[in-house]
Amino acid sequence: MTIFVTGGAGYIGSHTVIKLVENGYDVVVADNFSNSKKEAVKRTRELAGKDFPLYEIDICNERMLSKIFTIHDIDCVIHFAGLKAVGESVEKPLEYYKNNLNSTIALLSAMKSHNINNIIFSSSATVYRPDNKMPLTEDSLTGGCTNPYGWTKFMCEQIITDTVNATGRLTAVVLRYFNPIGAHESGRIGEDPQDTPNNIMPYIAQTAVGRREFLSVFGDDWDTVDGTGVRDYLHVVDLAEGHVAAIKYATENPNGTSIFNLGTGKGVSVLELVTAFEEATGVSVPRKITQRRPGDIATCYTATGKAKELLGWETKKTLKEACADTWNWQKNNPNGYV
């Protein structure tokens, strides 16, 4: 079975490619390297112990997608590719809508033309309304997103669902991620943002390794245990395993759209995360309280029952392991893949 992975050179994509190969799948990767490095692909191949085709293309280019689908007999698509920073999406909404929606439309169109009937979509907890009760379930209210990034995921989910309903033969599994952290245990691949990190864990790690003077904590006046934002942090390797489970589910349950939240089921505050990192690594992380970040909410974590029951998936790695693996990646690659 051959899996086409868009954004396969990225943080989550690279870890997922390794898990796919480990589980016996053939992989074809596409990435435009707008927020990833070719070195990541080289290391992913080494860790997977297997070569795989790589196409440097923009997923918005339906013509190029069609060429790839003509060359390779694709059974399933995992769609990671997309712009993904909450704060940046507030500053550059048109760029986010153009890229994330057009890439999804082009991909679905090419899939239809080549009779590819399985897609796993990389969605986000940001599609949920901020006024939902916690923990979030797959039936919690969506929409009312607090930032353009969330709206693009919401709209892409709708585009995929409408396409599934119209074709009657497409199977979609939508995975709503919470907050991936950690790195491969080898320390060879990890999260390497191009500029200032938009996610907290690489910011913590870069501060710990001396690339940044201090960690900016976006507000300490939220209605949480210590005033800092609470999120559901899951190890990226566990998240990668979730995609393997989703492929199996899609092939065994053809037709229709299925939605799963992927997280640990436990909320952790920013200060709790920093403390866990310091305890796991023995490295101090200087920090300063700054203003709230546009588009953020106080608390977000998930219930885990549906993924456990239907996908047979749950997180296995601890917060301490995620912190230790992050530090192993960062200390051995202080400047990332460069």
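One-based numbering along the sequence shown. Only this structure's heavy atoms are used, side chains among them; waters, hydrogens and symmetry mates stay out.
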Would you please name every residue forming a ring pair (Phe, Tyr, Trp, His ring centres under 6.0 Å) with [X], sequence neighbours left out?
| X | result |
| --- | --- |
| Trp329 | Tyr337 |
| Tyr55 | His72 |
| Phe260 | Tyr249 |
| Phe154 | Trp151 |

For residues 299-311, please give each side-chain donor-acceptor pair under 3.5 Å, one per line with the distance, not counting sequence neighbours.
from	atom 1	to	atom 2	distance (Å)
Thr302	OG1	Leu136	O	3.2
Thr302	OG1	Asn261	ND2	3.0
Lys306	NZ	Ile259	O	2.9

Please answer: with hydrophobic residues joined when any side-chain heavy atoms are less than 4.5 Å apart, are [X] and [Y] in the same cluster?
| X | Y | answer |
| --- | --- | --- |
| Val41 | Ile189 | no |
| Val225 | Ile289 | no |
| Val127 | Ile119 | yes |
| Val17 | Leu175 | yes |
| Val230 | Leu319 | no |

Would you compute the distance between atom [atom1] of [X] and atom [atom2] of [Y] and round it to the nearest 0.5 angstrom?
| X | Y | atom1 | atom2 | answer |
| --- | --- | --- | --- | --- |
| Met201 | Ile181 | CE | CD1 | 4.0 Å |
| Tyr11 | Glu191 | OH | CD | 5.0 Å |
| Thr281 | Lys320 | OG1 | NZ | 10.5 Å |
| Ile247 | Thr251 | CD1 | OG1 | 8.5 Å |
| Lys153 | Asn100 | NZ | CG | 6.0 Å |
| Ser109 | His114 | OG | NE2 | 10.0 Å |

Report, one line per pair, each donor and acceptor closer than 3.5 Å where one atom sits in a side chain of residues 83-95; sequence neighbours left out.
from	atom 1	to	atom 2	distance (Å)
Glu88	OE1	Tyr96	OH	2.6
Ser89	OG	Val86	O	2.7
Ser89	OG	Tyr149	N	3.0

Within 6.0 Å of CG in Asp223, more than 12 heavy atoms from elsewhere: no
Pairs involving residues 157-182, ordered by first then second residue, that meet ring-ring contact (aromatic ring centres under 6.0 Å, His included) (sequence neighbours left out):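 For residues 157-182, and leaving out neighbouring residues, the ring-ring contact (aromatic ring centres under 6.0 Å, His included) pairs sorted by first residue read Tyr177-His243.
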ring-ring contact (aromatic ring centres under 6.0 Å, His included) pairs, two or more places apart, involving residues 206-241: none
Looking at side-chain heavy atoms only, is the closest gap between [X] and [Y] below 4.5 Å?
| X | Y | answer |
| --- | --- | --- |
| Asn333 | Arg43 | yes |
| Ile78 | Thr6 | no |
| Ile57 | Ile68 | yes |

For [Y], is there an ion pair with [X] - N to carboxylate O distance below 4.0 angstrom?
| X | Y | value |
| --- | --- | --- |
| Asp232 | Lys266 | no |
| Asp238 | Lys316 | no |
| Glu22 | Lys19 | yes |
| Lys248 | Glu252 | yes |
| Arg292 | Asp221 | yes |

Selection residues 272-291 - residue pairs positive for salt bridge (charged side-chain N to carboxylate O under 4.0 Å, His left out), sequence neighbours left out: Glu278-Arg287
Test side chain to side chain contact (heavy atoms under 4.5 Å, CB included) applied to Phe4 and Val27, Asp26, Val28, Ile116, the passing residue: Val28
Parallel, tilted or perpendicular: rings of Phe277 and Trp327 (30°, 60°): perpendicular
For [X], side-chain hydrogen bond (donor to acceptor under 3.5 Å, both in side chains) partners two or more places apart:
| X | result |
| --- | --- |
| Glu138 | none |
| Arg231 | none |
| Asp75 | none |

Worked check of side-chain contact (heavy atoms from CB on, under 4.5 Å) between Val217 and Thr290: CA-CA 6 Å; Val217 178; Thr290 62; 5.8 Å; no
Main-chain N/O of Phe52 paired with Arg45 side-chain donor or acceptor, under 3.5 Å: yes
Atom of Val29, atom of Ala9 and distance for their closest heavy-atom approach: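 Nearest pair, atom of Val29 first, then Ala9: CG1-N, 4.1 Å.
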